[in-house]
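Working notes, beginning with the structure itself.
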2 protein chains.
Amino acid sequence: MELAEAKQKFIEAWGKLGSEWGINRTMAQVHALLLITPEDLTTEEIMETLQISRGNANMTLRDLIGWGLVEKRLKPGERKEYFYADKDTWNIARQVAKERRKRELDPIIKILDELSKVKGEKNDPEFKTFNKSITDINKLAKNVDKTLETMLKAEESWFWGSLLKVFK
Amino acid sequence: MELAEAKQKFIEAWGKLGSEWGINRTMAQVHALLLITPEDLTTEEIMETLQISRGNANMTLRDLIGWGLVEKRLKPGERKEYFYADKDTWNIARQVAKERRKRELDPIIKILDELSKVKGEKNDPEFKTFNKSITDINKLAKNVDKTLETMLKAEESWFWGSLLKVFK
DNA sequence: TTAAACTTTCAAAATATTTTGAAAGTTTAT
DNA sequence: ATAAACTTTCAAAATATTTTGAAAGTTTAA
């Protein structure tokens, strides 16, 4: 396979994976493109390569910056903005975990905590089932939360080392 | 908060979370409803409670069965089909992990393996960056894969015990 | 067989999400 | 102050996803 073809394949695959996980396909594709590009790229170059509009490129890049995955770079003497993606996969994974925790896990845990407090007749099967499901899901969510917290602090080698040692 | 209100809240929250993770909102809601319901429910009851059409209910239930989260139950002497969801949260988590691994992680690993094989000029920065990103992501994906495999085999208490012991 | 009871299908409609692109906004150089 | 170079905005258009519901299909009982 040619490098150019391989790049296309990767961008496509990454976009598909993203959309399956609730991430806008274009956003995943722009990120993929930046990941396999050694230099910074301009909005113009991204529009051109991925065949997307200026507005779309601009918004997507802003989102990626909001996710902490891409940074804006300025070159001395130039008006244009350049964009660059951190290539460290462990940093990327952590950054995504961090943001999704903040945006999605934290809010659901807050709701589950609320719902855990609901009182009811101890012998009412309706209440018993509700309560058991809520408290169990809450426990699971909190375990995931703790694990993510550890991951966020950890070094990659230590993290996988510990994990795979235990789980071997 | 009243139990009835709490149920509504949970169904809503679960639907929202699902849609943020690439799971159809209605599917997540039907699952939520079954999770907090002690008895089996008929298509009719699900349609009524969630205010969805027969076609939607039917397709969603088939999907949930396909994900291994819901089972069809027949009652002797009755024509109607009843639906029931396993309430064991650990089983649910494992089942979801298992399906997503099969549907999404496995295919992307297959593509990454392909892309890792692409040959190029060792000093070409384009090639070097592409290659590094691909191989790094591939390694990460394989670590996740191994961890999921362990999770799929494991008992809940052992899994979290080991994890939290190491990460404390 | 027939018909009642129930489930499944799928084209069309509704809804939600994403994308476009031209206009408005901003910054810098002269 | 003006204009060129660039970025941002956002209403409308395009696209994608989800939902509907009536018709077709299936199963069972009599």
Side-chain angles (χ1 to χ4, degrees), chain A residues 11-34 40-67 69-84 100 103-104, chain B residues 11-34 40-67 70-84 103-104:
Chain A
I11 289 169
E12 210 178 289
W14 209 239
K16 189 172 170 228
L17 188 69
S19 69
E20 288 165 341
W21 286 84
I23 286 148
N24 176 321
R25 204 181 61 212
T26 303
M27 183 167 148
Q29 287 182 338
V30 171
H31 188 225
L33 171 61
L34 287 169
D40 309 341
L41 293 177
T42 61
T43 300
E44 213 74 39
E45 290 168 316
I46 292 166
M47 287 166 60
E48 167 70 19
T49 310
L50 301 179
Q51 294 287 348
I52 61 175
S53 72
R54 182 173 303 284
N56 195 5
N58 181 270
M59 282 188 158
T60 297
L61 285 165
R62 274 209 280 109
D63 280 355
L64 282 168
I65 290 168
W67 276 78
L69 296 173
V70 164
E71 57 179 290
K72 225 179 237 192
R73 283 182 167 181
L74 298 171
K75 308 208 163 180
E78 287 205 57
R79 298 278 306 273
K80 262 182 301 208
E81 294 176 338
Y82 286 80
F83 299 93
Y84 178 81
R100 295 206 86 147
R103 295 171 194 214
E104 292 144 21
Chain B
I11 289 169
E12 210 179 289
W14 209 239
K16 190 174 170 225
L17 188 69
S19 70
E20 287 164 343
W21 286 84
I23 287 150
N24 177 319
R25 204 182 59 210
T26 302
M27 183 166 148
Q29 287 182 339
V30 171
H31 188 225
L33 172 62
L34 288 169
D40 308 344
L41 292 177
T42 61
T43 302
E44 212 75 37
E45 291 168 315
I46 292 166
M47 287 165 59
E48 167 70 18
T49 310
L50 301 179
Q51 294 286 349
I52 61 175
S53 72
R54 182 174 304 284
N56 196 5
N58 182 270
M59 281 190 155
T60 297
L61 285 165
R62 274 210 279 108
D63 280 355
L64 282 168
I65 291 169
W67 277 78
V70 164
E71 56 179 291
K72 225 180 239 194
R73 283 181 167 182
L74 299 172
K75 307 208 165 182
E78 286 204 58
R79 298 280 304 274
K80 263 181 301 209
E81 293 177 338
Y82 286 79
F83 298 92
Y84 179 80
R103 296 171 193 215
E104 292 144 21

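Per chain, numbering begins at 1; letters A, B, ... match sequence-line order.
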Does D:dA23 have a Watson-Crick or wobble mate here (both distances under 3.5 Å), and if so which one? C:dT8
Candidate nucleotides D:dT20, C:dT7, C:dT20, ranked by approach to the side chain of A:Asn56 - the nearest: C:dT20
Sub-4.0 Å heavy-atom contacts from residues 14-32 of chain A onto DNA chain D, ordered by number: none
Minimum heavy-atom distance between [X] and [Y], given as atom pair plus value:
X       : Y       : result
A:Gly15 : A:Ala28 : CA-CB, 3.8 Å
A:Glu45 : A:Thr42 : OE1-N, 2.8 Å
A:Leu34 : A:Phe83 : CD2-O, 3.6 Å

Answer yes or no for B:Arg25 and B:Trp14: cation-pi contact, defined as NZ/CZ to six-membered ring centre under 6.0 Å and angle to ring axis within 45°. no
Contact under 4.0 Å: [X] side-chain N or O vs [N] OP1/OP2:
X       : N     : result
A:Arg54 : D:dC6 : no
A:Arg62 : D:dT7 : no
A:Lys72 : D:dT8 : yes
B:Asn58 : C:dT7 : no

Euclidean distance, atom [atom1] of residue [X] to atom [atom2] of [N] [Å, nearest integer]:
X       : N     : atom1 : atom2 : result
A:Asp63 : D:dT8 : CG    : C1'   : 13 Å
A:Lys75 : D:dA5 : NZ    : C1'   : 17 Å
B:Arg79 : C:dC6 : CZ    : P     : 7 Å
A:Leu41 : D:dC6 : CG    : P     : 16 Å

Relative to the 5' end of DNA chain C, which residue comes earlier, B:Met59 or B:Glu44, by the nucleotide with the nearest heavy atom?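 Its nearest nucleotide lies further toward 5', so the answer is B:Glu44.
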To the nearest 0.5 Å, atom CD of B:Gln29 lies from atom CG of B:Asn24 at 9.0 Å
Let me confirm one number: the OG1-CG distance from A:Thr26 to A:Leu33, rounded to the nearest 0.5 Å.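 One gets 12.0 Å once the value is rounded to the nearest 0.5 Å.
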Can we say A:Glu44 and A:Arg54 salt-bridge, meaning some charged N sits less than 4.0 Å from an Asp/Glu carboxylate O? yes
